[in-house]
Amino acid sequence: MKSKNNAIKRDKAELAQSLASESILSTSREQKLEAFGKLLDVIDNLREKCPWDSVQTNESMRPNTIEEAMELAEALLGDDNNTIKKELGDVLLHVLLYARIGEEKGVYDIAEVCDALRQKLIYRHPHIYGNDKVSGVKELLEHWEVIKMKEKGGNKTVLSGVPSTLPSLIKAERVQEKAANVGFDWEKKEDVWDKVKEELAEVETEMKAGNEANIEKEFGDLFFALVNAARLYGVRPDNALEKTNLKFIARFNHVEKRAKEQGKRLNEMTLAEMDELWDEAKLLKLGE
């Protein structure tokens, strides 16, 4: 009976999601523009009347924007459509507030932001809006870097478009992608494993020598090589690592919970006892 009820709940959830998707897909262009216009009216109203919104500046909002972007990234990884929709709204709120602040300063407004983006997208897609022909994604990405360096106010060097504030793991992937887009890449993806093995051997050598400064450097080289391997095999390293983080947290929480149920503290348990609880968590596939 319980299994049947669960199946019914699952069917209802799938139906609700399907109907929601159909509702979104059936929204007309006019309805989208109307919704955007109404949202702009609310933003203007808040900026004029709300004690908090009216005093925000680019600088004061920056930390919140970073937080909202990270919350969206987390929602995307969780693949929860309702949460993604909510977080997209929060990020959009910040975009619109920044545009409103620009309008108040007389430097740009949301129309100019949209128009500048439209022009950039058209310029960067000559295979759609021009006469260029590309054979596939690889050739497209090679053209992409050249186009960005040619455009007014564009990148002066291949790697200059990578923000210095990016988290290190994502930055490593981005610089490797950009270098690959201009041909600086492995001829065969399998060759990357020799580099990974080489860097691992150098880590082991420096560890045996006890040279702490070099150990850090070689670990960095090893991480960079692993990111390269992930990229070549179509794996987003940040996503992969975060999924492993979440899996570890779920399983470690199980170990801690079970220890409490046994009236024990983790620091009082042997490694063998904790391993036994860890194996329980693995069998339950927690975090997967």
Side-chain angles (χ1 to χ4, degrees), residues 9-122 124-125 161-163 165-167 169-171 173-174 236-243 245-246 249-250 287:
K9 287 180 180 178
R10 194 162 52 245
D11 290 343
K12 285 183 176 179
E14 290 174 358
L15 177 61
Q17 187 172 359
S18 175
L19 290 172
S21 299
E22 290 177 8
S23 173
I24 292 171
L25 292 174
S26 65
T27 303
S28 69
R29 186 176 184 83
E30 290 74 18
Q31 288 173 313
K32 292 174 184 176
L33 292 172
E34 182 183 0
F36 190 67
K38 288 179 178 179
L39 177 58
L40 286 178
D41 290 340
V42 171
I43 296 297
D44 289 342
N45 201 31
L46 293 177
R47 187 66 181 168
E48 292 166 7
K49 300 177 182 178
C50 175
W52 187 88
D53 291 291
S54 62
V55 297
Q56 295 308 304
T57 64
N58 288 344
E59 186 177 353
S60 70
M61 287 175 55
R62 180 178 175 273
N64 301 87
T65 304
I66 294 171
E67 181 181 348
E68 296 298 351
M70 296 306 293
E71 288 179 356
L72 173 59
E74 184 176 340
L76 292 169
L77 201 59
D79 200 26
D80 181 332
N81 290 329
N82 285 331
T83 305
I84 291 172
K85 180 173 68 175
K86 170 185 171 296
E87 298 303 340
L88 282 172
D90 290 343
V91 171
L92 179 58
L93 166 63
H94 282 243
V95 171
L96 296 180
L97 278 172
Y98 286 125
R100 170 64 194 240
I101 291 170
E103 183 177 356
E104 292 166 5
K105 292 179 178 179
V107 290
Y108 54 78
D109 60 15
I110 191 61
E112 291 185 22
V113 171
C114 291
D115 195 51
L117 176 58
R118 178 184 60 81
Q119 291 177 24
K120 182 172 72 173
L121 290 174
I122 291 172
R124 290 186 179 182
H125 292 78
V162 180
T165 53
L166 271 182
L169 195 64
I170 298 175
K171 186 188 296 184
E173 181 186 16
R174 291 297 293 130
R236 304 304 301 265
D238 186 71
N239 289 353
L241 181 58
E242 180 59 14
K243 287 177 181 177
N245 287 339
L246 296 173
I249 290 168

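Note that these values count all heavy atoms, side chains included, but never hydrogens, waters or copies made by symmetry.
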* Asked: Would Ser60 and Gln56 count as having a side-chain donor-acceptor pair, cut-off 3.5 Å?
  -> yes
* Who are the side-chain contact (heavy atoms from CB on, under 4.5 Å) partners of Asn239, not counting sequence neighbours? -> Leu77, Arg236
* **Partner set under side chain to side chain donor-acceptor pair (under 3.5 Å) for Lys38, not counting sequence neighbours** => Glu34
* **Set of salt bridge (charged side-chain N to carboxylate O under 4.0 Å, His left out) partners for Lys243, sequence neighbours left out** => none
* What residues, two or more places apart in sequence or in another chain, satisfy salt bridge (charged side-chain N to carboxylate O under 4.0 Å, His left out) together with Arg47? -> Glu104
* To do: Indicate yes or no: at least one non-hydrogen side-chain atom of Leu241 is less than 4.5 angstrom from one of Pro237.
  => no
* **side chain to side chain donor-acceptor pair (under 3.5 Å) against Asn64, all qualifying residues, sequence neighbours excluded** => none
* **Set of salt bridge (charged side-chain N to carboxylate O under 4.0 Å, His left out) partners for Arg118, sequence neighbours left out** => Asp115
* Sequence-distant partners of Glu242, side chain to side chain donor-acceptor pair (under 3.5 Å), two or more places apart -> Asn245
* Are the side chains of Arg100 and Glu48 in touch, meaning some heavy atoms are under 4.5 Å apart? -> yes
* Which residues satisfy the salt bridge (charged side-chain N to carboxylate O under 4.0 Å, His left out) test with Asp90, sequence neighbours excluded? -> Lys86
* Met61 side chain near Tyr98 side chain, heavy-atom distance below 4.5 Å -> yes
* **Set of residues satisfying side-chain contact (heavy atoms from CB on, under 4.5 Å) with respect to Glu30, sequence neighbours excluded** => Ser28
* Structure fact -> Taken in chain and number order and not counting sequence neighbours, the residues that satisfy side chain to side chain donor-acceptor pair (under 3.5 Å) with Glu68 are none
* By side-chain contact (heavy atoms from CB on, under 4.5 Å) - contacts of Pro167 (at least two apart) -> Ile170
* salt bridge (Lys or Arg N to Asp or Glu O under 4.0 Å) pairs, two or more places apart, involving residues 71-80 -> none
